[in-house]
Asks: 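Sharing a structure here in structure tokens format.
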Amino acid sequence: RGDIDEAHGILAQMMNSLSHDAVDGSHVSPINSIELEIDTEVGEYSQGGHLKPNHITYTTLISAYCRAGMLHEAFAIYEVMVKGGIMPDEITYSSLINGLCKEGKLLEARNLLKKMQSVGVFPNQVTYTELIHALFKSGKAQEAYDLYDEMVRRGLVSDTVVFSVLIDGLCREGKLVEAREMFEKMPNLNLIRNHVTYTTLIHAYCKSGNIQDASMLLDEMEKEGLKANAVTYNALIDGLCKKSQINEVVEIFNKMRE
RNA sequence: AGAGAAA
């Protein structure tokens, strides 16, 4: 977070025209109150004030704050951005929505989804995927499916990531057969199944004690030229250990090290 | 040049 604040300092340096008052203080948490003060050291190369940050500059910083769980700061930057006449785009909103989702603020995330549309910025499949993922994670499967339907109705194209999220969501509900059906449908829809897609299903099979299907998928994924990673192997090893299949664990363990 | 998924 020290680095993010330093980045923020550089942003302040670039702008130099916006005063501290431009930040809506109510969104700034007391411990992390944002000061747009000038760092003289970075000032040497950025020649303070002559470069205008664009929507990407702002979004990069907003995204960093969101990832650090510093939502107040992220929204403060968003305010500065809007007040400075820089229009946030769907990536800016997606960054904020993802930050809200990660903090469990699903209602606020959904409100922001509405808000962005009310100002003419349209969510894309990434925006929807973030919310769908968060809904599944918090056990709201039906809302997740409904949101996916909405996404499709809007003509947004499904990609590998949304499908992986849906497969994961179905698995979490114990609907392994439906999850497998989605997985099988992907190639017909010209969707690439990557190592995450495979690992999601492998993990679900292992957790349900179905080591056989898990191993078959591992073989299939390798035939597709995909490499199993530590997450894939851990899922398998965990599944095997729980069934006390120690010989198979050793086999997988050795395969990992090849 | 910036946002989303699996132990």
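A note on names: the letters A, B, ... follow the listed sequences, proteins ahead of strands, and every chain is numbered from 1. Remember, it's a predicted structure, so these values are computed and weren't measured experimentally.
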Asks: Using a heavy-atom cut-off of 4.0 Å across all strands, would you classify A/Asn194 as base, sugar-phosphate, or nothing?
Replies: base
Asks: Using whole Å, report how far OH of A/Tyr198 lies from P of B/rA6.
Replies: 19 Å
Asks: For B/rA5 and A/His195 - does any side-chain N or O of the residue sit under 4.0 Å from the phosphate oxygens OP1/OP2?
Replies: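 No, no such contact exists.
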Asks: When you check the side-chain N and O atoms of A/Arg180 and A/Tyr205, is any donor under 3.5 Å from an acceptor?
Replies: yes
Asks: Using a heavy-atom cut-off of 4.0 Å across all strands, would you classify A/Val165 as base, sugar-phosphate, or nothing?
Replies: sugar-phosphate
Asks: What about the rings of A/Tyr78 and A/Tyr93, do their centers lie closer together than 6.0 Å?
Replies: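 Yes, the ring of A/Tyr78 comes within the 6.0 Å limit of the ring of A/Tyr93, centre to centre.
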Asks: Checking contacts here: which listed nucleotide (B/rG4, B/rG2, B/rA6) is nearest the side-chain heavy atoms of A/Ser63?
Replies: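 That would be B/rG2.
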Asks: Scan A/Thr92 against the nucleic acid and name what it touches under 4.0 Å (heavy atoms): base, sugar-phosphate only, or nothing.
Replies: base
Asks: So, using side chain to side chain contact (heavy atoms under 4.5 Å, CB included) as the criterion, who are the partners of A/Arg153 when residues are at least two apart?
Replies: A/Asp149, A/Glu150
Asks: Nearest of B/rA7, B/rA3, B/rG4 to any side-chain atom of A/Val161?
Replies: B/rG4
Asks: Distance check needed: B/rG4 P versus A/Asp89 CG, whole Å only.
Replies: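 So the CG-P distance, A/Asp89 to B/rG4, works out to 14 Å.
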Asks: Counting side-chain heavy atoms from CB outward, which of B/rA3, B/rA6, B/rA1 is closest to A/Thr199?
Replies: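 Out of B/rA3, B/rA6, B/rA1, the nucleotide with an atom closest to A/Thr199's side chain is B/rA6.
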Asks: Ignoring hydrogens and geometry, is there a side-chain-to-backbone donor-acceptor pair from A/Ser118 to A/Lys115 under 3.5 Å?
Replies: yes
Asks: Quickly, which of A/Asn54, A/Thr60, A/Thr59 forms a side-chain hydrogen bond (donor to acceptor under 3.5 Å, both in side chains) with A/Thr57? Name it, please.
Replies: A/Asn54
Asks: By the 4.0 Å heavy-atom rule, please label A/Arg193 as base, sugar-phosphate, or nothing.
Replies: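 If one applies the 4.0 Å heavy-atom cut-off, A/Arg193 turns out to touch nothing in the nucleic acid.
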Asks: For the base of B/rA3, is there a side-chain donor-acceptor partner from A/Ser95 under 3.5 Å away?
Replies: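 Absent.
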Asks: Does A/His203 put a side-chain nitrogen or oxygen below 4.0 Å from OP1 or OP2 of B/rA7?
Replies: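 For A/His203, the contact criterion (side-chain N or O under 4.0 Å from OP1 or OP2 of B/rA7) is met.
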Asks: Look at A/Arg172 and B/rA6 and indicate whether a side-chain polar atom (N or O) is within less than 4.0 Å of OP1 or OP2.
Replies: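 Answer no for this pair, as no side-chain N or O of A/Arg172 is under 4.0 Å from OP1 or OP2.
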Asks: When you get a sec, tell me which of B/rG2, B/rA6, B/rA5 is the closest nucleotide to the side chain of A/Ser164?
Replies: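 Output: B/rA5.
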Asks: Looking at A/Phe75 versus A/Tyr65, is the centre-to-centre ring distance below 6.0 Å?
Replies: no
Asks: Counting just side-chain N and O atoms, does A/Lys102 come under 4.0 Å of either OP1 or OP2 of B/rA5?
Replies: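 Yes, A/Lys102 has a side-chain N/O under 4.0 Å of OP1/OP2 on B/rA5.
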Asks: To the nearest Å, give me how far apart CG (A/Leu166) and C1' (B/rA6) are.
Replies: 14 Å
Asks: Counting only side-chain heavy atoms from C-beta out, which of B/rG2, B/rA3, B/rA7 sits nearest to A/Ile56?
Replies: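 Minimum distance to the A/Ile56 side chain belongs to B/rG2.
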Asks: Would you indicate which nucleotide in B/rA3, B/rG2, B/rA6 comes nearest to any side-chain atom of A/Thr127?
Replies: B/rA3
Asks: How long is the line joining CZ of A/Phe75 and C1' of B/rA3, in whole Å?
Replies: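 In whole Å, B/rA3 C1' and A/Phe75 CZ are 13 Å from each other.
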Asks: Specify the separation, in whole Å, of atom CE of A/Met256 and atom C1' of B/rA7.
Replies: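 My rounded result for the distance is 11 Å.
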Asks: Mind checking if A/Thr129 touches a base, just sugar-phosphate, or nothing, with heavy atoms under 4.0 Å?
Replies: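 Base, at least one base heavy atom under 4.0 Å.
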